Amino acid sequence: MSQTLVVKIGTSSLKRASNGQLALPTIASLVETLTDLHREGDRIVLVSSGAVGVGCARLDLKERPRSMALKQAIAAVGQGRLIRIYDDFFSSLAQPIAQVLLTRRDLIERSSYVNAYNTFQALLELGVIPIVNENDTVAVDELKFGDNDTLAARVASMLEADWLFLLTDVDRLYSADPRVVPDAKPIERVNDRELDRLEIATGSSTTQWGTGGMMTKLNAARIATSAGVRTVITGGQKPANIQKILQGQAIGTQFEPRSTKIDTARKRWIVHGLEPMGKLYLDEGAKVAICQGGKSLLAAGIVGIEGKFNASDAISLCDRKTVEIARGIANYNSSEIEKIKGMRSEKISSLLGYAGAETVVHRDNLVLVRPDRGIELT
Ligand code: GLU
């Protein structure tokens, strides 16, 4: 059966630890594995870091630059080299590739999200393996994915991939840092409840998993599994293991996907393309109306608000116990909602001094989130 696979490889796996040069055997094995899988009928997307690392090597810089402009300039040097290297390797196996550079904005704006989605579909239809990276040269802080684990998870969610492989410099997760705790247990499988607990475990400074690297991987696993994508963290030195994992071998750490049933592309974008910028807390009546009655959110049902956001931003709707029950797009900004919360809709125009939408979140822009069963529409 044809599957969609998103494979992310980090700079640490692409470079040799000893001298910082490219790890050619790893790249060759990755390229061979992905080409084989593609020939067997799978749809493959590769998310590759390395632009800054390769750029530094090209310019003979011994240290990673700190200044933003320099980093962006070096990424521009490195990205071209990186794609050239991939093209050489993939071309020797007659496999066409494409370069896709994305910023966060490209998935936030609905029209560019749809465009990116259609372009990926067209590339996959053409039998191409797209190679994705963040568009480091133009991305600005607030519109950055920040790391390629998150980028890969967002792409996998958008494409409704079956698998996300995060290839990294550890072979799998352990219950603690195996270098410090000798009886640290390897973790083979994690379901979504355990994933939440693992995040707490990584908060401890006594484990190496508390580093940004592993935290972002767990975060990526959370994004992807909540979109129904099975996610694996495994060693980047042996890309051929991807095939073994697909055949059922227990290599790496595998995160079980949640079951999701989001039936419209617009609602998928709300959940997987957008980041919630704030929270609204709802009373019991609003919760029932939304969860069971298929209704929009009205100002009257809002008891609390958290965060500063604009109209048209995504927000989380939570019950009084702070459990997220839905995501949606706000019709009002946070200071407007502060003024109208708890009030009947007829009062909105006198409270704000202008007439706005009758609903705070319209049903068409609202997706239910079931903490026990993932994201699901009723
Ligand atoms: N986009 C960055 C690069 O290509 C890497 C980001 C990351 O490693 O997460 O150098």
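Just follow the structure's listing: the first ligand is 1, and inside any ligand the first atom is 1. Keep in mind it's a predicted model, so treat the numbers as computed, not measured. When reading the values below, keep in mind they use all heavy atoms of this one structure, side chains included, and skip hydrogens, waters and symmetry mates.
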With a 4.0 Å cut-off on N to O distance, would you call [X] and [Y] a salt bridge?
X: K8; Y: D149; result: yes
X: R58; Y: D60; result: no
X: D88; Y: R84; result: yes
X: E256; Y: R189; result: yes

*Distance from E324 atom CD to L317 atom CG, nearest 0.5 Å?*
8.0 Å
*N/O separation below 3.5 Å, N133 to ligand 1*: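 For ligand 1, there is an N or O atom that lies under 3.5 Å from one belonging to N133.
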*Please report which non-hydrogen protein atom sits nearest to atom 9 (O) of ligand 1, along with the residue it belongs to and the distance in Å to one decimal place.*
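So the nearest neighbour among protein heavy atoms is N148 N, 2.7 Å.
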*With backbone taken as N, CA, C and O and side chain as the heavy atoms from C-beta onward, which portion of D136 lies under 4.0 Å from ligand 1: side chain, backbone, both, or neither?*
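D136 to ligand 1: side-chain contact only, backbone stays beyond 4.0 Å.
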_Heavy-atom proximity to atom 10 (O) of ligand 1, best of T216, V52, T11, L151_ = V52
*For ligand 1, which atoms, with element, lie under 4.0 Å from some heavy atom of D147?*
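Near D147, meaning under 4.0 Å from one of its heavy atoms, ligand 1 has 9 (O).
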*Could you tell me which atoms of ligand 1, counted from 1 in the order shown, lie closer than 4.0 angstrom to a heavy atom of S49?*
4 (O), 5 (C), 7 (C), 8 (O)
*Measure the distances from the heavy atoms of G50 to every atom of ligand 1 and state whether one is below 4.0 angstrom.*
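The answer is yes: ligand 1 sits under 4.0 Å from a heavy atom of G50.
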*Quick one: side chain to side chain contact (heavy atoms under 4.5 Å, CB included) partners of E346, sequence neighbours excluded?*
R344
